[in-house]
Amino acid sequence: MEKFSREKILKIAEENNVEFIRLQFVDILGIIKNVAITIEQLPEALDGKIMFDGSSIEGYTRIHESDMYLKPDYDTFTIFPWGTSGGCTARMMCDIYLPDGEPFVGCPRGALKRAMAEAEEMGYEMFAGPEPEFFLFEKDEHGNPTTNTHDKGGYFDLSPVDLGGEARRDTVLALKKMGFEVEAAHHEVAPGQHEIDFKYTPVLRTADNIATFKFVTKIIAMQHNLHATFMPKPIYGESGSGMHVHQSLYRNGKNAFYDPEDEHGLSEIAYYYIGGLLKHAKETTAILNPTINSYKRLVPGYEAPVYISWSTQNRSALVRVPSARGNGTRLELRNPDPAANPYLATAVMLRAGLDGIKNKIDPGEQTTDNIYEMNYKERKSRGISSLPSSMDEALKHFQESEFMRETLGEHIFNHLVEAKKIEWSVYKKQVHSWEIDQYLTTY
């Protein structure tokens, strides 16, 4: 990956007629935010002197502690591949700092960095490759998004059935111009559903890429008069959108998950990492599946996993081990969805895996049978439990977890609990259209 210095960024910006720079970060819910500056302010920004009001950002801080500084990561400097009449726009991802120069404990990017530091102390570096899915919907005559799909395509369909292919292609081209290595892009199972997969990268860059990918996808969709959404389950009766995350640990430049002597080509480290993911599956679900709508996707009968198990061949398992070995050895966690905060999601996955390694957690026997076809007694006899079935249940597991409190820090942990309790409370009080259809004339 290309390294950038202060001088190099200033030179590139001048050579490419950059007029605006978006200093980007995410709030605790994973929503991307930015402070836009002009080219004249770039030297000051590179010195970490651009301030913003943290009290206006979800889960950041109280109003009397609101001054915060944006410290850009030089290596995330990239130019957006669309211009404006005033020149080009670039972006840099930022860490959040307090006026005293200390990192802000509520910064999601900082939470991931803390997990990475723990991995480094143990001699490991995490690599991750996401497979985010999304829907492209038409807009109405007023420009508002609908849930009308733009095509009638299915898995891997091509034009003319896949009418969203042009928007997807332009998204891929835009990402490639920004330095992304796109491994695959195709239509997914549901009408209007698409997937774009990235090549694995060091985990901090992966999280940055997910945040930017969602931003770019929405911009390109707008250019096609479409609305892109990463809502996990926008259409009843169709598959929801997931974000499977492929992950591996490297040690001294070698894949720590590979062991050619093992029956499955997996090292003890890989097994323990799986054990950690499975052990902490219920308490991490509130982060990996963060919305009430997320749990409309996590139901039997679709491609989303529901049961806590692992397998080298079974796609109904929570953790799947793809067939590649050698440096390509990796684990695929299948329950995350694209609404997840990419920094918090990767942080909890990494720490869960590290906990497995530290405590030598045995993942148990793999499950080769289709779990969806088992009844409750069969699952219980094999020790296969289920993921939480609602945000309320997931939040209870989350709240009771000292592991999650430690992983995220008190600030993020407490603010997330507060935000999700409010979300669930508001949801419970609503009267939904299904209830009207079901009960209004019956009773």
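Since this is a predicted model, take the numbers as computed values, not measurements.
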Going through the checks in order, is the salt bridge (Lys or Arg N to Asp or Glu O under 4.0 Å) test met by E332 and R334?
CA-CA 6 Å; E332 177 191 29; R334 294 176 62 81; 3.3 Å; yes

Intermediate values then yes/no, side chain to side chain donor-acceptor pair (under 3.5 Å), E435 and H432
CA-CA 5 Å; E435 297 171 88; H432 301 276; 4.6 Å; no

Inter-residue atom distance M93.CE - N209.CG, 0.5 Å rounding
9.5 Å

Judged by atom type as modelled, is there a donor-acceptor pair below 3.5 Å linking the side chain of N289 to the main-chain atoms of N335?
yes

Give a yes or no on whether the ring-centroid distance for H246 and Y200 is below 6.0 angstrom.
no

D197 side chain to A184 backbone, donor-acceptor under 3.5 Å:
no

Salt bridge or not for R109 and D208, using N-O below 4.0 Å?
yes

K420 side chain to P290 main-chain N or O, any donor-acceptor pair under 3.5 Å?
yes

Is the closest side-chain heavy-atom distance between F398 and V417 below 4.5 Å?
yes

Min side-chain heavy-atom separation T171-I196 under 4.5 Å:
yes

Can K358 and D355 be said to form a salt bridge (Lys or Arg N to Asp or Glu O under 4.0 Å), step by step?
CA-CA 5 Å; K358 284 181 178 179; D355 186 56; over 6 Å; no

State, with a plain yes or no, whether a side-chain heavy atom of M404 is found less than 4.5 Å away from one of I287.
yes

Any Lys/Arg nitrogen of K421 or E423 sitting under 4.0 Å from an Asp/Glu carboxylate oxygen of the other?
no

With a cut-off of under 6.0 Å to the ring centre and 45° to the axis, is K33 in cation-pi contact with F25?
no

Atom CD1 of I50 and atom CG of L70: how far apart are they, to the nearest 0.5 Å?
8.0 Å

Is the distance between the ring centroids of F198 and F213 under 6.0 Å?
yes

Less than 3.5 Å apart, any donor N or O on the side chain of T367 or S311 sitting next to an acceptor on the other?
no

Kindly indicate whether the side chain of D337, heavy atoms from C-beta on, has any atom under 4.5 Å from the side chain of L288.
no

Does the side chain of P202 come within less than 4.5 Å of E125's, by heavy atoms?
yes

Taking C-beta and beyond as the side chain, do R91 and I21 meet within less than 4.5 Å on heavy atoms?
no

Intermediate values then yes/no, ring pair (Phe, Tyr, Trp, His ring centres under 6.0 Å), F104 and Y97
CA-CA 5 Å; F104 173 49; Y97 278 73; over 10 Å; no

Can you check side chain to side chain contact (heavy atoms under 4.5 Å, CB included) on T89 and W82, steps first, answer last?
CA-CA 8 Å; T89 299; W82 54 81; 5.6 Å; no

Please check if any side-chain donor atom of S309 sits under 3.5 Å from a side-chain acceptor atom of Q366, or the reverse.
no

Can T146 and D140 be counted as having a side-chain donor-acceptor contact under 3.5 angstrom?
no

Looking only at heavy atoms, which two atoms of L298 and P305 are closest? And how far apart?
CD2-O, 3.4 Å

With the threshold set at 4.0 Å, does a side-chain nitrogen-carboxylate oxygen contact exist between D75 and K3?
yes

Hey, are the side chains of R22 and F215 touching, using non-hydrogen atoms and a 4.5 Å cut-off?
yes

Output yes when K49 and E44 qualify as a salt bridge under the 4.0 Å nitrogen-oxygen rule, no when they do not.
no

I need the T206 OG1 to Y343 OH distance, nearest 0.5 Å.
10.5 Å

With no hydrogens and no angle check, is any side-chain donor or acceptor of K296 less than 3.5 Å from a backbone partner on I235?
no

Looking only at atom types and distance, does a side-chain atom of S401 sit under 3.5 Å from a main-chain N or O of H397, one as donor and one as acceptor?
no

Short question: side chain of W310, backbone of G364 - any donor-acceptor pair under 3.5 Å?
yes

Determine, for E406 against R351, whether the closest basic-nitrogen to carboxylate-oxygen distance falls under 4.0 angstrom.
yes

Hey, what do you get for CG (L42) to CE (M92), rounding to the nearest 0.5 Å?
5.5 Å

Give a yes/no verdict on a cation-pi contact between R251 and Y124, requiring under 6.0 Å between NZ or CZ and the six-membered ring centre and an angle within 45° of the axis.
yes

Heavy-atom pair of closest approach, residues Y69 and G48
CD2-O, 3.6 Å

Side-chain contact test, heavy atoms from C-beta onward, threshold under 4.5 Å: evaluate it for M391 versus S294 and give yes or no.
no

Please name the pair of heavy atoms, one in I37 and one in A45, separated by the smallest distance, quoted to 0.1 Å.
CD1-CB, 3.5 Å

Would L318 and Y307 satisfy side chain to side chain contact (heavy atoms under 4.5 Å, CB included), going step by step from the backbone distance to the final call?
CA-CA 6 Å; L318 179 65; Y307 304 112; over 6 Å; no

Find the distance between CG (L354) and CE (M349) and round it off to the nearest 0.5 Å.
12.5 Å

Between Q193 and G240, is there a donor-acceptor pair closer than 3.5 Å when you use the side chain of the first and the backbone of the second?
yes

Residues R405, E402; criterion salt bridge (Lys or Arg N to Asp or Glu O under 4.0 Å); working and verdict:
CA-CA 5 Å; R405 187 184 294 272; E402 285 302 315; 3.7 Å; yes

Centroid-centroid under 6.0 Å between F137 and H227 rings:
no

Looking at every heavy atom in both T76 and R205, which two are closest together, and how far apart are they?
CG2-NH1, 3.2 Å

Closest heavy-atom pair, A256 versus I269, reported as atoms and distance to 0.1 Å, is O-CB, 3.6 Å

Look at the side chain of E133 and the backbone N and O of P338, then say whether any donor-acceptor pair between them is shorter than 3.5 Å.
no

Any side-chain donor near an acceptor of the partner, N255 and N327, under 3.5 Å:
no

How many angstroms lie between atom CD1 of I308 and atom CG of L277, to the nearest 0.5 angstrom?
11.0 Å

Under 6.0 Å from the ring centre and within 45 degrees of the ring axis: does the NZ or CZ of K8 meet both conditions for the six-membered ring of F4?
yes

Using a cut-off of 6.0 Å, state whether more than 12 heavy atoms not belonging to E268 lie near its atom CD.
no

From CA spacing to verdict: side chain to side chain contact (heavy atoms under 4.5 Å, CB included), R330, V321
CA-CA 6 Å; R330 62 194 187 274; V321 184; over 6 Å; no

Just say parallel, tilted or perpendicular for the rings of H415 and H411, cut-offs at 30° and 60°.
parallel

In sequence, state the C-alpha distance, the side-chain angles, and the governing distance for F134 and F230, and then conclude on ring pair (Phe, Tyr, Trp, His ring centres under 6.0 Å).
CA-CA 5 Å; F134 58 96; F230 294 91; 5.6 Å; yes

Looking at M178, is its backbone amide N or carbonyl O close enough to the side chain of T78 to form a donor-acceptor pair, meaning the two atoms are under 3.5 Å apart?
yes

Over all heavy atoms of both residues, which pair between D47 and R6 is shortest? Give the atoms and the distance, please.
OD1-NE, 3.0 Å

Using only atom types and a distance under 3.5 Å, with no angle test, would you say the side chain of D27 pairs donor to acceptor with the backbone of L29?
yes

Taking the basic N atoms (NZ, or NE/NH1/NH2) and the acidic carboxylate oxygens, is any pair closer than 4.0 Å for D392 and K396?
yes

